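Encoded as structure tokens, the structure appears first; notes follow it.
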Amino acid sequence: MYAQMVKTQEVKSTTEMTPEELDFQRRIDADIKIEPKDWMPEEYRKTLIRQMSQHAHSEIVGMLPEGNWITRAPTLKRKSILLAKVQDEAGHGLYIYCAAETLGVSREELLQQLLSGKAKYSSIFNYPTLTWADMGAIGWLVDGAAIMNQVPLQRCSFGPYARAMVRVCKEESFHQRQGYEIMMVMARGTPEQKAMAQDALDRWWWPAVMMFGPPDAASIHSTQSMQWRIKLNSNDELRQKFIDETVKQAEYLGLAIPDPDLKWNEERGHYDFGAIDWDEFFEVVKGNGPCNRERLRARRDAFEKGAWVRDAANAYARKRRESASFS
Ligand code: FAQ
């Protein structure tokens, strides 16, 4: 249905490219990184700003569902681990905003686009975190999906983005393990704890599978982004890889993935899986998910309440500039 509704971007063939574009594409094909001061097509710059800012916003908005459990973590150890994880997400957002700024856009502009609702962030962060087991499911599934998508981005064509991904992926890998460990403890705990772990898996499975974006036939940006190596894999390729790897992990936990159609396909060498509810995905992306309004309200509140910090930092910077110009 969506494949018929969506027109994927058309890409230029080499004969249609200008000499500058041809040279640019040759550098990309030779796996030479593009740096901020290099010539680049305007659309390449715009696509990167769109993807990188959405990525940075996802990291920042992604702090909210887990932040919700910091005060309610079951032990001091769990609290300090969760606190560190949420702080890491803030760090990821900052690296990626910095990398996006090298493309000539200011952080203020990017933030305004988030706060006004113009810019997107990942659909996954519009779902509520109802129990402690959700901390396990987010680490295991959401960070797991994020790594699957971000490991290839370490080799993307834009230098600052690729380099930012190196550290992000190392940290995401720790996040994924801490989530899986929470699930392991709960799955082997009391029957009530195991039921909580199963319930969290039931609620997070399909939103995590949707995180990879619309199916390839409806992915408007993929063809061009893959030609420019802004994306190295298609949405469906990464989704399949995630499912193939996660099924074994669920089996080890003794938990059931909530998909009756999940079945190993010997011929394809992959798991077949059931139909994804793309209506739900597009509703969430349009702003109608269970927590979209709450998430944006929290970010707007934080921005308003943080005004005095920005004012103080600016006043301090101004003072230092003035005293430096007198000496
Ligand atoms: N949610 O043509 P495509 C994390 C939009 S980080 C919302 O396929 P593209 C860490 C898309 O923007 C998670 N919107 O687009 C963490 C486009 O709309 P536009 C974020 C989505 O860009 C863990 C339209 O649909 N990761 O989780 C989504 O080629 C735990 C058409 O789609 C990244 O951002 C979605 N899921 O491919 C933090 C990684 N999917 O812009 C805290 C970098 C698609 O034209 C706790 N980004 N859309 O209005 C990417 O790899 C790509 O941007 C994709 C989408 C794969 C997400």
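For clarity, every value in this text was computed on a predicted model and none was experimentally measured. What's counted below: heavy atoms across the whole structure, side chains too, no hydrogens, waters or symmetry copies. Whatever order the structure lists ligands and atoms in, that order sets their numbers, starting from 1.
Taking 4.0 Å as the cut-off between side-chain N and carboxylate O, Asp31 and Arg155 do not count as a salt-bridged pair. Note on Lys118 versus Glu109: no salt bridge recorded, every NZ/NE/NH1/NH2 to OD/OE distance being 4.0 Å or above. Salt-bridge check for Glu294 with Arg297: failed, with every basic side-chain N at 4.0 Å or more from each acidic carboxylate O. Under 4.0 Å is where a charged nitrogen must lie from a carboxylate oxygen, and between Asp23 and Arg27 no such pair does. Between Asp134 and Arg203 there is a salt bridge, since a side-chain N of the basic residue sits under 4.0 Å from a carboxylate O of the acidic one. Salt-bridge formation is detected for the pair Glu89/Lys85: a Lys NZ or Arg NE/NH1/NH2 atom is positioned less than 4.0 Å from an Asp or Glu carboxylate oxygen. Taking 4.0 Å as the cut-off between side-chain N and carboxylate O, Asp29 and Arg26 do not count as a salt-bridged pair.
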Decide ring-ring contact (aromatic ring centres under 6.0 Å, His included) for Tyr97 and His57; before the verdict, give the C-alpha distance in whole Å, the side-chain angles of both, and the deciding distance to 0.1 Å. CA-CA 9 Å; Tyr97 282 130; His57 299 329; 5.5 Å; yes
Audit row: Tyr161, Gln51, side-chain contact (heavy atoms from CB on, under 4.5 Å) steps and yes/no: CA-CA 10 Å; Tyr161 194 24; Gln51 178 169 318; 3.6 Å; yes
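Inclusion of His221 in the set of residues having an N or O under 3.5 Å from an N or O of ligand 1 is warranted. For Val285, no nitrogen or oxygen atom sits less than 3.5 Å from a nitrogen or oxygen atom of ligand 1, counting backbone and side chain alike. Taking only nitrogen or oxygen atoms, main chain and side chain alike, Gln54 reaches within less than 3.5 Å of ligand 1. Polar contact with ligand 1: present for Asn149 (N/O pair, distance under 3.5 Å). Checked by distance only, ligand 1 and Ser219 come closer than 3.5 Å through their nitrogen or oxygen atoms. Ligand 1 has no nitrogen or oxygen under 3.5 angstrom from a nitrogen or oxygen of Phe125. Considering both main-chain and side-chain atoms, Lys231 comes within under 3.5 Å of ligand 1 through a nitrogen or oxygen pair. Residue contacts with ligand 1: Glu172 is placed with no nitrogen or oxygen under 3.5 Å of a nitrogen or oxygen of the ligand (distance criterion only). Here's the thing with Asp143: none of its N/O atoms is less than 3.5 angstrom from an N/O atom of ligand 1. Below 3.5 Å of separation, one finds an N or O of Lys120 facing an N or O of ligand 1.
With a 4.0 Å cut-off on non-hydrogen atoms, Asn235 touches ligand 1 through its side chain and not its backbone.
Near Val142, meaning under 4.0 Å from one of its heavy atoms, ligand 1 places the atoms 23 (C), 30 (C). For ligand 1 and Gly62, the ligand atoms under 4.0 Å from any heavy atom of the residue are 42 (C), 46 (C). Atoms of ligand 1 lying under 4.0 Å from any heavy atom of Ser58, numbered from 1 in the order shown and given with element: 13 (C), 20 (C). For ligand 1 and Glu89, the ligand atoms under 4.0 Å from any heavy atom of the residue are 16 (C), 30 (C), 38 (C), 42 (C), 46 (C). Counting the atoms of ligand 1 from 1 in the order shown, those under 4.0 Å from a heavy atom of Tyr121 are 1 (N), 7 (C). Less than 4.0 angstrom separates some heavy atom of Ser123 from each of these atoms of ligand 1: 1 (N), 7 (C), 35 (C), 36 (N). Each of the atoms 56 (C) of ligand 1 lies under 4.0 Å from some heavy atom of Phe212. When each atom of ligand 1 is checked for a heavy atom of Glu59 under 4.0 Å away, the hits are 6 (S), 10 (C), 16 (C), 38 (C).
When the options Gln178, Gln87, Met135, Lys77 are evaluated for a side-chain contact (heavy atoms from CB on, under 4.5 Å) with Leu82, the one that passes is Met135.
Taking the six-membered ring where tryptophan is involved, the planes of Phe24 and Trp39 are perpendicular, since the angle between them exceeds 60° and thus also 30°. Ring-plane geometry between Trp278 and Phe281 is classed as perpendicular, the angle between the planes exceeding 60 degrees on a 0 to 90 degree scale with a lower cut at 30. Taking the six-membered ring where the residue is Trp, Tyr180 and Tyr252 present parallel rings, their angle staying beneath 30° rather than reaching 60°.
Atom 21 (C) of ligand 1 has Phe281 CZ, 3.9 Å as its closest protein atom, hydrogens excluded (heavy atom only). Looking only at protein heavy atoms, the nearest one to atom 44 (C) of ligand 1 is Pro214 CD, 3.5 Å. For atom 40 (N) of ligand 1, the nearest non-hydrogen atom of the protein is Gly213 CA, 3.2 Å. In terms of protein heavy-atom proximity, atom 22 (O) of ligand 1 is closest to Arg50 NH1, 3.1 Å. For atom 57 (C) of ligand 1, the closest heavy atom belonging to the protein is Met211 O, 4.4 Å. In terms of protein heavy-atom proximity, atom 4 (C) of ligand 1 is closest to Ala146 CB, 3.7 Å.
Distance screen at 4.0 Å: atom 50 (C) of ligand 1 has a protein heavy-atom neighbour inside the cut-off. Of the protein's heavy atoms, none falls inside 4.0 Å of atom 54 (C) of ligand 1.
Between Glu43 and Gln224, the closest side-chain pair of non-hydrogen atoms is not below 4.5 Å. Gln54 places none of its side-chain heavy atoms less than 4.5 Å from the side chain of Leu114. Side-chain contact between Leu110 and Met52 is absent, with no heavy-atom pair separated by less than 4.5 Å.
The shell of residues lying under 4.0 angstrom from ligand 1, judged by heavy atoms, includes Tyr161. Under the 4.0 angstrom criterion for non-hydrogen atoms, Met52 is not in contact with ligand 1. Ligand 1 does not have His175 within reach: every non-hydrogen atom of the residue lies 4.0 Å or more from it. Ligand 1 has at least one atom lying under 4.0 Å from a heavy atom of Gln150. The closest approach between Met63 and ligand 1 stays at or above 4.0 Å for every heavy atom of the residue. The shell of residues lying under 4.0 angstrom from ligand 1, judged by heavy atoms, excludes Ser225.
Side-chain atoms of Lys231 and Ser222 include a donor-acceptor pair closer than 3.5 Å.
Judged by a 6.0 Å distance limit and a 45° cone about the ring axis, Arg310 is positioned over the six-membered ring of Phe303.
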